[in-house]
Amino acid sequence: MQDLLTVRERVEELRRQIEYHNYRYYVLDQPEISDAEYDRLMEELRRLEAEHPELASPDSPTQRVGAGPVETFGIVEHRLPLLSLANAFGPEALRAWHARVERLIGPRPLVYVLEPKVDGLAVSLVYEDGKLTVAATRGDGFRGENVTQNVRTIRSVPWTLRGRAPRYLEVRGEVYLSREAFKQINAERAAEGQPLFANPRNAAAGSLRQLDPRVTASRPLDIFIYQVGYYEDGALPRSHWEALQHLRELGFKINPANERLADFAAVVAACQRWEARREQFPYDIDGVVVKIDDLDLQAELGAVGREPRWAIAYKFAPTQATTRLLRIDVNVGRTGSINPFAVLEPVQVGGVVVKLASLHNEEDIRRKDIRVGDTVIVQRAGEVIPQVIGPVLSKRPPDAQPYQLPTRCPRCGAAIVKPPGEAMARCTGGVQCPAQLFELLKHFASRDAMDIDGLGEKLAAALLEAGLVRDVADLYYLRKEQLVPLERMGEKRAENLLRSIAASRERPLERLLYALGIRHVGAQTAALLARRFGSLDALRAASEAEIAAVEGVGPVIAASVRAWFDEPRNLAVLEKLRQAGVRFTQEAAPTAGLPLAGKTFVLTGRLERMTRLEAEARIKELGGTVSDTVSRKTDYLVVGAEPGSKLRRAQQLGTRLLDEAAFEALLAGHPLPEPAGPDA
DNA sequence: CCGCCTCGAGTTCT
DNA sequence: CTCGAGGCGG
């Protein structure tokens, strides 16, 4: 039995250490110890508290997991109201604000502080004698809800201030969720069939307003403190910037992206720069808050109504908008997949007018409960494809009906079936379906398949419309006089097209195999099959078991391939291709002994001196393979300008990175210097 | 049977 | 780029 005094000392020591490491990890983002070591400290503390209930304390870091639920939130009167900010939409409005400031205080040199306007929810935190006593939502600015128990679960909120704390301190901050955490929470909710949050802000608000703080604790909320509200006992610095530094010393998390600028032109430029790079913040921001730095000037400028004149919110173009869902139509894919899409009342979002948005599949529409006639939230951020996030239920027309997929294909009338357990419904019309034939023709001619230059969307439609092509083999029997009457088709273009078609007869087997559009056979699988069987006839003659025996091919793909070759219509197409002189064999392409044999590459970002396609071709020539996703099996990630998410994954996995110069050196046959060791 | 790794397929606007 | 799902190793 241990002496209780020493146990108490140990408990206090552990609490001190854990709070310190919390601070290093969550506030400074500079941990000093590993997660495992941290877990060990936490585990020991938990154990001691369990063994000695008399030592338990609501101030112990073990309580960050949250206490029991409450019935309702109390109301908190803010000692000083939380003001709102005037908005500036665009640089002109920002300049107008600035002109007014100068008019009021006369022209003199000004210093500005810029802070990302994080899209979360504002809270007020009160510290008395250095201890967190009350946390409240903004509410109407005068009175908010008491969410102290929930805010205490946020790891970057100090319970006790560091250093010499004022007797009474109130600070304001923004509670938010990172985009990553938001995605994770929604994925969990989707798995549990719960309604999804529309955006990180809603998720953060929902999390903070949980009656059960244990739920809040499970959500990785974070906070940035941006303002002193009320400060009693002790002198505050003269400037906002210094006040933020002071708050940082007290243990608060201050946004490291904040900037102090002394030139208004630079302020405007910075706002625009941040807008262009808003995706690079790990959390959503909807603008930039610009503040006059000097606190005396702030006081002089004062407020109009509830808006201070010394600050303004420069607002970015919104990435979400609401609009009406007019109709749900469906597209038919090459494989017969039925792909519903939303026809929207045109709406400006993310800098473009959106009229259409994909809806993926019936299941997705059901889960989001999207109905024709609904007002829906549409999102488009950066280059990302527009998405329908969900309905605004309060605006739903009373007669709106849940969406039902059509039972017959809108293009060919064949039955639509949805195999149990699969997400996608399919048209059963096969190549009889004009939509599927059209998609197949485009696919056949596409660059990774037979690469027929000049045969794109438009021409494929025209050839089908004119009845010149009923299957892909018909392409090789086209004559010039048939083509010329087509719209926008002269002698010259017809000749060029026929030449491209003729040239495509020489494509290697793997291209042809891919071009045929056999279900589950993409470029990669086509290459595996071509390499193993060497000729189309050998593959046609193979049994299902022989096909399934190929490395990387399993029962599903084997059955699909076998079924394709058992279809008389397909065999007829093959005979026509053969008659037309299309190559049915693989060229011998030995890869053994080449310098990059066995090496797997992934490319990300834009290369300066060659296209991505050229880079891929060079790697393959030298015996390497190119993959699409970074995994443990990836040997090199070639990093170009503006790399994507692959770079982060590669860094996590410790994959070797090559910049363009190093990549070129490798291609030129120069061995790479060994990677630096951990102690180098 | 589960969890990783890959591959296939589809998508908006300019 | 993202989702869904096939293949495969443990």
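Labels below follow one simple rule: chain letters A, B, ... track the order of the sequence lines, proteins then strands, and each chain is numbered from 1.
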Annotated protein contacts, base or backbone, on nucleotides 7-14 of chain B with a non-hydrogen cut-off under 4.0 Å, one of B, S, - each:
SSSSBSS-
Does the distance from a Lys or Arg side-chain N to an Asp or Glu carboxylate O, for Arg656(A) and Asp635(A), drop under 4.0 Å?
no
Would Lys442(A) and Glu439(A) count as a salt bridge (charged side-chain N to carboxylate O under 4.0 Å, His left out) here? Give the steps.
CA-CA 5 Å; Lys442(A) 278 197 302 184; Glu439(A) 296 295 331; 3.6 Å; yes
Would you call Arg278(A) and Asp119(A) a salt bridge, using N to O less than 4.0 angstrom?
no
Nearest 0.5 Å, what's the OG-CZ distance between Ser535(A) and Arg583(A)?
11.5 Å
Please state how far atom CZ in Phe601(A) lies from atom P in dT6(B), giving the value in whole angstrom units.
15 Å
Gln320(A) and side chain to side chain donor-acceptor pair (under 3.5 Å): which single residue from Gln379(A), Gln387(A), Arg380(A) fits?
Gln379(A)
In whole Å, what is the span from the CD atom of Gln184(A) to the P atom of dC3(C)?
13 Å
Students often get this wrong, so: under 4.0 angstrom with heavy atoms, is Glu439(A) touching a base, only sugar-phosphate, or nothing?
nothing
Angle between ring planes, Tyr314(A) versus Phe316(A), binned at 30° and 60°: parallel, tilted or perpendicular?
perpendicular
Expected list for residues 360-375 of chain A near DNA chain C, using heavy atoms below 4.0 Å, is none
Atom CG in Asn361(A), atom CD in Glu422(A): separation rounded to 0.5 Å?
11.5 Å
Using atom CG of Leu359(A) as one end and atom P of dT2(C) as the other, report the distance to the nearest whole Å.
18 Å
Could Glu180(A) and Lys183(A) be called an ion pair, given the rule that one side-chain N must be under 4.0 Å from one carboxylate O?
no
Select from Thr604(A) and Ala558(A) the residue whose nearest nucleotide in DNA chain C is closer to the 5' end of that strand.
Thr604(A)
